[in-house]
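See structure below.
Proteins get letters first, then strands, A, B, ... in listed order; numbering begins at 1 in each.
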Number of protein chains: 2
Amino acid sequence: MNTKDKILESGLKLFSKKGYLGATTREIAKDAGIAEITLFRHFPSKEKLFEAVINIHSFLPALKGLLPEIAGFSYEEGLKVIAKRFLDSLAERKDLVRIMHSEIHRYNEKIHKIYHSIINETLKTLASYFADMQKKGTVRNFDTELGARAFLGMFFSYFDAENFMMLRKYKRTDTDTVIKEFVAIFIKGTV
Amino acid sequence: MNTKDKILESGLKLFSKKGYLGATTREIAKDAGIAEITLFRHFPSKEKLFEAVINIHSFLPALKGLLPEIAGFSYEEGLKVIAKRFLDSLAERKDLVRIMHSEIHRYNEKIHKIYHSIINETLKTLASYFADMQKKGTVRNFDTELGARAFLGMFFSYFDAENFMMLRKYKRTDTDTVIKEFVAIFIKGTV
DNA sequence: AACGTGTGTAAGTAATAACTAACATAACCT
DNA sequence: AGGTTATGTTAGTTATTACTTACACACGTT
């Protein structure tokens with residue numbers, strides 16, 4: 001791995017562990033196994049490094065291409081797949097989600113934009129799925145965007161509690177149970 | 001208001017706005033309208049002040065005595081009241097919730113306790129309400145604690161987005177709509 | 001061999017932060 | 001009146017941190 005990537009990796013690690021102010025450039029450099037000045041030769045400032053860390057892990061929502069994939073599934077199976085994919089996606093980007101969650105209100109528009117694009121795109125994907133289901137007559141009439149928020153909200157909140165609040169009442173192995181129960185509630189609530 | 005309270009108030013305000021590291025003692029003192037050294041005369045260190053701020057606002061949620069209150073209500077009305085009360089409760093403690101979200105990793109134990117007291121008590125209240133409803137035959141059989149998490153998760157996530165992520169797609173005045181829609185989904189999903 | 005590029009080491013600067021020392025003032029209690 | 005208490009003012013100290021300067025080493029290319 002080249003120097004720049006090492007710095008980015010250590011940046012992600014330490015920013016997510018200690019926050020933007022808590023992580024020092026010295027520490028990041030040390031963790032990356034390079035000299036501090038080398039960090040500044042690659043990134044003009046700590047802030048630019050932070051941005052780079054965020055941007056480099058900014059991903060296209062994995063759920064976007066999901067609609068065609070689940071087109072043949074039943075409503076229940078479709079929702080289960082979406083829920084699972086959503087939780088997996090969050091878990092993969094756990095560190096990033098944590099940074100954004102904790103730094104978002106004191107850090108400027110760039111983070112906002114990225115966060116928006118992640119959440120909004122997911123919401124829209126889901127809302128359009130619901131709209132399709134309404135056209136087909138599978139589900140009743142309801143505000144599709146609110147429905148999407150309700151659905152993802154259940155799972156995001158679960159993820160949040162599980163990973164950050166350490167409310168480990170239900171262990172990781174029970175994720176499938178959670179998905180099943182939440183999806184069941186939602187399905188009966190919308191059909 | 002006496003000096004100590006002024007310091008605590010400014011502490012809450014600035015810690016929640018800028019985080020523990022981001023808020024300086026000078027700034028807190030200035031905001032409280034006192035000399036910096038007076039702050040240190042009341043609190044031996046910044047960390048002790050932070051603890052005091054957290055502890056002073058740590059209180060039991062108002063939802064505990066809610067069950068008897070909604071005993072005569074319909075299932076739908078009961079859930080609406082609980083949702084509203086939960087959202088109001090979060091809104092009242094907005095600053096504290098924000099602190100907990102951003103500083104939870106640095107200060108595990110204390111923040112944990114508070115978080116637990118707010119969320120857990122609400123969860124239990126709700127779960128026991130569901131259990132009652134199951135006994136009465138109003139709702140179907142489902143895991144009451146998971147149901148409570150699903151229900152509150154929808155609203156917590158909504159609150160989170162509304163207040164911290166600034167996903168202001170729905171304005172504050174629409175809260176009633178959100179409650180109505182979420183409750184409708186949940187009711188149909190559990191009856 | 002000469003040069004550019006990427007890196008390291010060592011030392012340092014400037015700003016800021018937590019926290020302190022010393023002394024003054026004003027209010028209140030006995 | 002005298003003493004205690006809570007506060008202010010001013011000017012520190014000490015530690016840390018983002019960021020820099022200056023120089024040297026190693027490597028590959030020409």
| What nucleic acid atoms does Ala23(A) come within less than 4.0 Å of, heavy atoms only: base, sugar-phosphate, or nothing? |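 Sugar-phosphate, backbone atoms only, no base.
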| query | Within the structure shown, what part of the strands sits under 4.0 Å from Gly33(A) by heavy-atom distance: base, sugar-phosphate, or nothing? | reply |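 Sugar-phosphate, no base atom in range.
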Compare the minimum distances between each of [options] and the side chain of [X], then state the nucleotide with the smallest one.
X: Arg26(A); options: dA18(D), dG8(D), dA17(C); value: dA18(D)
X: Lys46(A); options: dA18(D), dT9(D), dA18(C); value: dA18(D)
X: His42(B); options: dT7(D), dT9(C), dA18(C); value: dT7(D)
X: Arg41(B); options: dA18(D), dA18(C), dT9(D); value: dT9(D)
X: Ala35(B); options: dA18(D), dT7(D), dG8(D); value: dG8(D)
X: Glu36(B); options: dA18(D), dT7(D), dC19(C); value: dC19(C)

| Do Leu12(A) and Phe15(A) touch side chain to side chain, with heavy atoms closer than 4.5 Å? |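 No, their side chains stay 4.5 Å or more apart.
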Rounded to whole angstrom units, what separation is found between the [atom1] atom of [X] and the [atom2] atom of [N]?
X: Tyr20(B); N: dA17(C); atom1: OH; atom2: P; value: 14 Å
X: Lys48(A); N: dC19(D); atom1: NZ; atom2: P; value: 12 Å
X: Ile37(B); N: dA17(C); atom1: CD1; atom2: P; value: 18 Å
X: Ile28(A); N: dT17(D); atom1: CD1; atom2: P; value: 12 Å
X: Phe43(B); N: dT7(D); atom1: CZ; atom2: C1'; value: 15 Å
X: Glu27(B); N: dC19(C); atom1: CD; atom2: P; value: 15 Å
X: Glu47(A); N: dC19(D); atom1: CD; atom2: C1'; value: 14 Å
X: Phe40(B); N: dT13(D); atom1: CZ; atom2: C1'; value: 13 Å

| request: For Ser45(A) and for Asn2(B), locate the closest nucleotide of DNA chain D by heavy-atom distance; then report the residue assigned to the nucleotide nearer the 5' terminus. | output: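 It is Asn2(B) whose nearest nucleotide is closer to the 5' end.
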| query | If only side-chain N and O atoms of Thr38(A) are considered, is one of them under 4.0 Å from the OP1 or OP2 phosphate oxygen of dT7(C)? | reply |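 So the side chain of Thr38(A) is outside the cut-off, no N or O lying under 4.0 Å from OP1 or OP2 of dT7(C).
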| message | Measuring to OP1 and OP2 of dG6(C), would you say a side-chain N or O of Thr3(A) lies under 4.0 angstrom away? | response |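 So the side-chain polar atoms of Thr3(A) never come under 4.0 Å of the phosphate oxygens OP1 or OP2 of dG6(C).
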| Is it true that Glu145(B) and Arg149(B) make a salt bridge, defined as a side-chain N closer than 4.0 Å to a carboxylate O? |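 No, this pair does not count.
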| query | Thinking salt bridges, do Asp176(B) and Lys180(B) make one under a 4.0 Å N-O criterion? | reply |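 Salt bridge between Asp176(B) and Lys180(B), a charged N being under 4.0 Å from a carboxylate O: no.
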| How about Tyr20(B) and Phe50(B): are their ring centres within less than 6.0 Å of each other? |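 When the ring centroids of Tyr20(B) and Phe50(B) are compared, they turn out to be within the sub-6.0 Å range.
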| task | Identify whether NZ of Lys or CZ of Arg in Lys4(A) sits under 6.0 Å from the centre of the six-membered ring of Phe43(A) and within 45° of that ring's axis. | result |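 The answer is yes; both the distance and angle limits are met.
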